[in-house]
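These notes concern the structure reproduced below.
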Amino acid sequence: MSRLRSILPPLLGLLLGLAAGWAAFPYLLYEHEAQPLSFSHAAHAGETLGLGCEDCHGFEPDGTFIGVPPIEQCAACHEEAIGDSADEAILVRDYVQPRREVAWRVYSREPDNAYFPHVVHVRGAGIACQRCHGEHGSTATLRPFQRNRVSGYGRDIWGERISGIATSASDGKKMSDCLRCHATEDVAASCQDCHR
Amino acid sequence: MSTAAASNSRYGMAIDLDRCTGCGACMVACAVENNVPVPPPEAGERKGITLLRVYRAENGRPFPEAETAHLPIGCQHCGEEPPCVTVCPQNAVEVDPETGIVGQIPARCLGCRYCMAACPYHARYFNWWDPAWPAGMEQALNPDIAPRMRGVVEKCNFCHGRLQAAKAKAAAEGRSELKPDEYVPACVEACPARAIRFGDLADSSSEVARLAREPRAFRLLARLGTEPSVVYLSDRDWVRRLGDAAGPALGESHG
Amino acid sequence: MTTTLTRRDALMVMGGSAVGLMLSPLPWKLLDDVAIRTQNHPWAVPAPRGRQTSRLTRCSLCPAGCALRARSVNGRPFALAPVPGDLASRGTACALGLAAAQLAYHPDRLTGPVRRLGPEWMTARVPVAPIGAVHLVSRWLRETQRAAGAEAVAVLDGWPGRERSLRYRRFLASLGGGTYVAAPDEGAFLGRFSGLLDPHPGPLGADLERAGTVLSFGAPPLLPRSAAERGLTLIHAGPRRPAQAALADLWLPIRPGTEATLALALAFLLLETPGSGRLANLVAEEREPLLALLARFTPEAAAATTGLAPAAIRQAALRLRAAGPAVALAGIDAAAGPLAPGDEIAIALLGVTLGSVGRVGGILPRAGLPGASDGCERVPVRDLHTVPDGSIHLLLLDGADPGLALPWSLVAPKLAPGARLVSFAPYLSGMATRADLIVPAPAPLEGLAEIPGSPVLAQAALGVAAPLLSPPPGCREPGEFLAAVAAATGLPEIEAAPVESRLRRWVEAIHRAGRGTVIRAGGGEASELSALASAADLWDLLLAGGRWIDASATPPRLLPALRLAPGLLALVAAAAGGQRRARPGEVLLVPIGIRGAVGTGSLPPALAKLCRESDLWPAAGDAFVHPDTASALRLRDGREAVLVTTAGSGRARVRIDRGAMPGVAFVAVGPGAAEFGATPGAREESLLRLCVPDAAGIWRVAPATLQEV
């Protein structure tokens with residue numbers, strides 16, 4: 001009994017530590033920020049409109065990736081409200097008409113010293129958008145941006161799990177995640193190809 | 001970025017010292033391309049970052065036969081066991097097998113400066129200060145190059161950002177090969193005298209490969225066996241002897 | 001069973017949780033994230049993100065007008081690169097042009113009018129509202145007119161020949177005749193040459209496109225790239241081998257101030273050849289005194305004065321005759337300024353004996369830009385030294401910097417006590433620091449600017465630099481500012497149209513004249529101007545970085561002859577015969593500097609960095625002396641020394657240079673190594689102040705003493 005009694009505190013401590021590290025830490029580490037507007041990818045890319053990913057997230061002729069499209073892209077259709085949602089009204093009134101950029105939080109924003117050329121992967125290697133971005137293109141609303149309070153980057157970069165082990169092929173955009181695919185596809189990449 | 005299909009290139013430069021006038025356009029273009037700021041006044045001549053630096057040498061003859069030659073020296077991208085790669089404790093220097101470019105990765109560098117001591121060409125520079133630009137200019141920087149913070153070493157990397165941009169353009173146009181003049185570093189583009197030429201040394205039909213085979217060509221400190229990718233060209237004997245650095249020190253008087 | 005919690009338990013719990021934490025990602029990830037956070041410190045400057053665009057344009061910093069490709073991010077240009085395919089510039093651009101994208105961000109940059117209330121700009125400077133500046137200048141204008149008349153209002157134009165220059169002259173004309181002064185520029189020699197010829201041929205230019213040999217005195221001309229690549233032979237005569245002439249085929253090292261001697265000696269040798277009766281055709285009158293003068297300048301006599309061996313002089317004469325049409329030009333050195341009038345006349349005489357006047361590949365009449373000079377006859381262009389001393393009460397300084405030095409000592413004597421100065425420079429540097437009010441013009445790359453071609457060439461040219469940035473609201477084109485001043489002063493109305501409409505009118509005049517070729521930016525063949533359907537097409541082509549080049553000049557029907565008035569001959573004799581040796585213990589001070597960096601304007605940051613971190617561009621205050629001269633004066637390399645002339649004294653740094661001419665101290669006048677970032681008041685004044693201009697406004701060489709401190 002006393003042995004149990006003597007094991008209990010350290011065991012309790014161990015459990016507390018593990019719980020703090022594995023459960024409390026990820027909960028506390030990430031700050032949830034809502035996107036400024038609720039945008040439905042499904043409504044735009046779904047069956048009714050049938051826009052492809054590259055129709056808004058396309059490439060310039062020199063290969064630069066447009067990324068999150070500027071307000072001009074939305075203005076092409078939404079010069080005036082064409083639906084009846086409250087978010088669209090806000091879009092038209094506060095952003096399209098004064099041509100003000102929407103402050104979207106970018107889930108996959110990489111640090112400045114990392115260079116990911118979309119065109120080489122999408123056009124050059126023919127990789128589908130879903131491979132890295134999952135089913136983001138079919139969502140009806142934008143999930144909140146989970147920002148790491150300490151480093152400032154999004155949760156999408158590290159990955160869903162706090163251990164950093166990827167849950168799926170499209171989870172995590174750390175260097176190790178990129179290198180995993182490079183190893184499988186047997187594509188060389190020197191340090192300088194991605195760091196500048 | 002395919003592997004086995006592409007034959008490996010070895011990018012290199014051929015710098016014609018009989019054409020270089022010491023105008024400094026290459027140094028300016030390099031600073032603008034790589035987002036190198038003006039250091040604080042205490043930097044002086046030695047602590048500034050000049051990824052490509054043009055040195056002046058004289059033939060030692062008196063007036064009026066005195067002549068000067070100008071040597072643009074940046075990283076020589078050594079082909080055979082670059083000394084900086086060997087000494088780096090952080091593996092922050094890496095030779096890209098596909099292009100032969102010796103890449104310095106500031107993200108890994110911890111600033112021990114061992115590589116600066118190891119480089120026989122003094123081609124490496126240390127960021128003594130954080131970069132600071134005049135008000136407003138931080139919005140007019142090259143977006144393709146990330147500024148480096150203090151405490152890391154940097155050096156010429158043959159404007160690797162331009163290689164990435166050229167590859168992106170090729171991919172956008174559906175090509176996997178780069179056209180010959182699609183990728184040129186900033187200094188090559190800027191030289192008004194076309195003294196600096198750039199290309200693939202491994203491609204025997206390229207201009208630099210042809211120039212490297214000429215009898216005028218020599219390399220700096222060739223006796224060290226570093227096999228630099230940068231060759232210098234000159235007809236003048238006293239300029240060629242500079243490559244060996246075995247003569248009297250530059251600027252020393254003869255008596 | 002009682003369970004009392006002891007300290008040991010607490011410690012055990014803590015120990016266990018420590019182990020548990022270690023086995024969880026918390027400490028490792030936290031360490032990682034903290035490291036990342038420290039690298040994104042608040043003062044870290046990230047690279048800008050945004051759309052990159054690129055467009056072709058031309059550099060507006062000097063008459064060469066090299067084609068440039070401007071890369072911009074979010075609409076802000078960050079890099080300029082030369083354009084290899086351009087037919088005019090052939091892929092060249094200098095260090096100044098390549099750094100020009102940074103000029104708009106210089107710390108000395110002014111974004112609105114400022115006024116000085118005390119002697120030091122740093123301590124007593126107040127911003128002035130644009131309308132306030134208009135009224136202030138208007139008030140000064142009225143006071144000056146009342147006190148001293150319209151001639152007391154003067155404009156000093158550093159770069160004559162632009163659209164802005166016309167506006168200045170029209171403004172002065174509306175006053176009833178002010179004084180328009182042009183700073184010495186490259187076209188001055190040919191202007192003087194033209195005045196010596198009979199019949200008067202009008203403006204002249206050198207047909208370098210078709211010349212075979214160019215002999216330059218003073219400074220080499222801005223050669224057209226096509227001529228350089230064709231293999232034009234360049235011979236340069238001067239005391240120092242300048243950087244551009246590093247590619248010269250032949251350098252004639254002559255003592256400073258002996259240009260006339262060499263020119264006459266060469267003319268003598270050229271006339272010695274069979275057929276010397278040609279002089280009768282070349283010179284209208286006064287042939288005997290001229291021949292007598294020339295006979296004094298045998299190569300041996302010239303050798304004693306110039307320091308050049310007789311054999312070298314003969315060889316130079318042979319070279320001049322050898323390859324194709326030869327031209328002799330007197331250039332203007334960036335730091336040392338123009339040659340003396342006597343030198344220029346001697347060089348003109350040499351040009352006449354070369355047989356190049358009025359021939360293809362030589363000196364030909366130059367058609368000016370169509371539409372470029374109407375309405376300004378009332379206000380003639382004057383040289384600075386012809387203005388009476390103390391006669392200017394209000395001086396308007398055009399702030400454009402063509403890259404050539406102008407010593408303040410040339411300007412200061414012309415100012416009356418209490419004179420007011422207004423500068424239109426975009427930067428608080430150079431002569432603008434002397435002004436009482438600065439109304440900044442837009443910086444380079446911010447305003448629409450025209451690029452007239454070099455005034456030396458026989459073919460006129462025009463390019464247009466499109467604005468790549470919008471100027472701050474407080475910056476205003478000087479022409480428009482003066483139109484507002486004229487309106488506020490109640491003067492006859494002068495045109496207030498913006499720059500673009502006035503430049504379009506020039507372009508329309510060029511299109512109407514129908515001459516010349518146009519080249520598109522970026523390459524392709526040159527095409528005839530007549531192939532363009534409308535003036536608007538020409539405008540669009542120019543705005544996109546193209547260039548219009550006049551048709552090749554044609555020889556005049558009647559070859560003009562040189563007419564030298566007696567006084568001029570004496571001038572030549574004095575220039576050629578004067579001794580320019582330094583006395584023992586003295587040196588001849590010759591200012592040196594690279595065009596664009598002689599202390600008149602502000603250097604772009606990347607160029608200031610270049611000057612600080614290399615010795616490619618001479619740093620202000622360096623005095624280069626030959627080892628023998630140094631040992632005679634007991635000077636050591638790298639030491640501080642005091643340089644004294646009749647104008648005062650200053651500190652210099654001795655640099656032993658084996659290539660320097662003995663007996664001469666080549667003193668670099670700009671830029672200062674610490675220039676960038678130093679406050680205007682704290683900057684040392686350029687050593688150019690030690691060069692005293694003589695009565696003819698020449699400051700090229702001065703006797704000086706140099707002693708180690």
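Below, read A as the first sequence line, B as the second, and so on, with proteins coming before strands; counting in each chain starts at 1. Please read these numbers as outputs of a predicted model, since none were measured by experiment.
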Determine the minimum heavy-atom distance between [X] and [Y], stating which atoms define it.
X        : Y        : value
B:Ala172 : A:Pro61  : CB-O, 3.7 Å
A:Asn113 : B:Ala107 : ND2-CB, 3.2 Å
A:Tyr115 : B:Ala168 : OH-CB, 4.3 Å

Step by step, would you call A:Asp193 with B:Glu98 a side chain to side chain contact (heavy atoms under 4.5 Å, CB included)?
CA-CA 11 Å; A:Asp193 287 325; B:Glu98 262 187 35; 5.6 Å; no
Under 4.5 Å from any heavy atom of chain B - which part of A:Pro111
neither
Neighbour count >12 (heavy atoms, 6.0 Å) for atom [atom1], [X]:
X        : atom1 : value
B:Arg46  : CZ    : no
A:Met175 : CE    : no
B:Asp181 : CG    : no
A:Phe65  : CZ    : yes
B:Glu81  : CD    : no
A:Glu80  : CD    : no

Using non-hydrogen atoms and a 4.5 Å limit, figure out which bit of [X] sits close to chain A: side chain, backbone, both or neither.
X        : answer
B:Val102 : backbone
B:Pro106 : neither
B:Gln164 : both

Polar side-chain atom of B:His160 near backbone of A:Gln192 as donor-acceptor pair, under 3.5 Å
yes
Nearest 0.5 Å please: distance from the SG atom of A:Cys191 over to the CD1 atom of B:Ile101.
13.0 Å
Which of B:Glu94, B:Arg175, B:Gln104, B:Arg148 touches chain A most, by non-hydrogen pairs under 4.5 Å
B:Glu94
Given B:Pro97, B:Pro147, B:Ala171, the one with more heavy-atom pairs under 4.5 angstrom with chain A than any other is B:Ala171
